[in-house]
Novice: 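For reference, the structure I am asking about is given below.
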Number of protein chains: 2
Amino acid sequence: MGGDDAPRVPVAAALMAVRDHGVPVAVVGDPPALAAAGRTIRAPGDLGEVPGLQMVAASQVVGMHEDAALAVRAKPDASIRVAMRLLAEGRAAAVVSAGSTGATLAAALLGLGRVPGVRRPVLAVVLPVAGGVVLVDAGASPDIQPEALVAHARLGLAYAAARQVREPTFGLLNVGAEVGKGNELARAAHPLLAGLPGFAGNVEPAAVLGGAVDVVVTDGFTGNVFLKTMEAVAGRGGVIDASGAALLLGVDGVVLVAHGAAGEADLAGALRTARDTARADVVTALRAVLGPTIS
Amino acid sequence: MGGDDAPRVPVAAALMAVRDHGVPVAVVGDPPALAAAGRTIRAPGDLGEVPGLQMVAASQVVGMHEDAALAVRAKPDASIRVAMRLLAEGRAAAVVSAGSTGATLAAALLGLGRVPGVRRPVLAVVLPVAGGVVLVDAGASPDIQPEALVAHARLGLAYAAARQVREPTFGLLNVGAEVGKGNELARAAHPLLAGLPGFAGNVEPAAVLGGAVDVVVTDGFTGNVFLKTMEAVAGRGGVIDASGAALLLGVDGVVLVAHGAAGEADLAGALRTARDTARADVVTALRAVLGPTIS
């Protein structure tokens, strides 16, 4: 039920994922609205009869303009809550949401909890450059203290390791490579990050896109501006397709957050990524890597 | 004497600006180093004899790794200090530097002072999209208070007006269009900016590149990440040429800061932009617009 043109786009994306990518999908939402969406996109007959597609009823919705934490708690039958329950109960392997990031995070914390050792989950995006560079945080926490960047690095490195990167390196997104560059946050975080293995120092946007490191850490505001700028420029020339979904890294399950404006092909791609991420057992790998640390 | 490959690149750029763009240039620096650079780039005979090209001696240099404010004060014969004196004395119409931004700012404040009403100069870049969108601050001040964004908006709007934009609009660079989006700085600045004429609210990177506003304001860290990301992505596809120089907006003279890594064509382009900016009498226009306000 989340996203700018829901539930039409999510329903169309689910159909596409089932047909084109062979991903079985449960669509969670208001049954009449889902059925109406099915008619709009000219789905063949009853959506519930499409093999691989399942309809799961949820009577409530968390809107984009509600206080996410409050609304998620107040609406136990919200589509995002029901989806998290499917995941928690093992009836789904992953959740993809195009709704509010805050609501998705709140519902994931409530329904799944955190991987042990994680204080605050982050949004991780695999930038489609140089074989995949992990960006943390891509938008979950806009205002953080320097210590949080250490946690971002630990989560990002664990994710890279889960992605089979050996001895991953990481850098701090910055406006210059020299020590002492950047804003207060970056300057204060630099010496803390230097204590972690694999630290390659400050990295400028061009170095990130050039694959200088496996993981790049920053606050959620800068990370989101960086990501959206990449998308905006690439969208004009198609150089980089950065329109993928972000992984809610640190919650105890595979949860992907897609753009509210994601089209059906983007969202179908996110469903396929969710399937692949669940298959790769990224959460178990995270748990193994993070086990002895407190991030 | 500033830039990654100085003085070779600046000397080559000056020759190119004289020949290809018809911009008369005074090259300021250490005479033997300038002469050696001339030989390296196979300049025709003595550089001082090229029509339109002038050599001005300066015996000192501010290095990239020095404390800019201290070094600029301690070195009255630094090339950047001598260049500012040429401008202050009317022997040059503009200064272009590929050296440290901090040193250029310090030397400009010392040698030229501020336009009345300006507390702190900013770096303004005209993004080459939609006929030119003014970005303020592109990198001068990474850590600012919300009130400073009001000053950025005033300077940016004045610059747009000086560029002949009628009733310019401006937006706050942000990760979402809705009120309440962004980091602490953005959220606190939004209501302050709403008190200025022309405020179009939050603007995401794609809206900026689409020309939704004439001026976009942000802090110097976010602005620099935004600009460098544009350049990095565009550099891979040539979609946008954002490699131009930035105007030190608010100092009492036309001063442009180029990339340290600028090539000779970029730097020659910056010299032409400097000539054009001086011809357009942007500082006089700024003075007229800012006259009654305190930014």
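Each chain gets a letter, A, B and so on, in the order its sequence line appears, and its residues count up from 1.
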Novice: Check whether B:Leu173 gets within reach of chain A through its side chain, its backbone, both or neither, counting any heavy atom under 4.5 Å.
Specialist: both
Novice: Rounded to the nearest 0.5 Å, how far apart are OG1 of B:Thr222 and CG of A:Asp219?
Specialist: 7.5 Å
Novice: Determine whether a donor-acceptor pair (N or O, by modelled atom type, separation under 3.5 Å) exists between the side chain of A:Lys228 and the backbone of B:Glu204.
Specialist: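 Such a contact is absent between A:Lys228 side chain and B:Glu204 backbone.
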Novice: Quick check on the interface: out of A:Ile144, A:Val175, A:Thr218, who has the most heavy-atom pairs with chain B under 4.5 Å?
Specialist: A:Val175
Novice: Would a 4.5 Å heavy-atom cut-off, applied to side chains only, mark B:Phe221 and A:Asn174 as touching?
Specialist: yes
Novice: Would you say the side chain of A:Thr229 lies within less than 4.5 Å of the side chain of B:Val233, judging by non-hydrogen atoms?
Specialist: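 No, side chains not in contact.
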Novice: Return the option, out of A:Met64, A:Lys181, A:Arg187, A:His65, with the maximum number of heavy-atom pairs under 4.5 Å with chain B.
Specialist: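 Among the listed options, the one with the most contacts to chain B is A:Arg187.
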Novice: What do you reckon, is CD of B:Gln145 surrounded by more than 12 foreign heavy atoms closer than 6.0 Å?
Specialist: no
Novice: Considering all heavy atoms of both residues, which atom of A:Pro205 and which atom of B:Ala232 are nearest to each other, and what is their separation?
Specialist: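 Distance-wise, the nearest heavy atoms are C-CB, 4.1 Å.
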Novice: Considering only heavy atoms and a distance below 4.5 Å, find which of A:Ser141, A:Gly139, A:Gly182, A:Gly260 pairs most often with chain B.
Specialist: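 Ranked by contacts with chain B, first place is A:Gly182.
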Novice: Please confirm whether the backbone N or O of A:Glu184 pairs with a side-chain atom of B:Asp143, one donor and one acceptor, at under 3.5 Å?
Specialist: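 A pair under 3.5 Å: yes.
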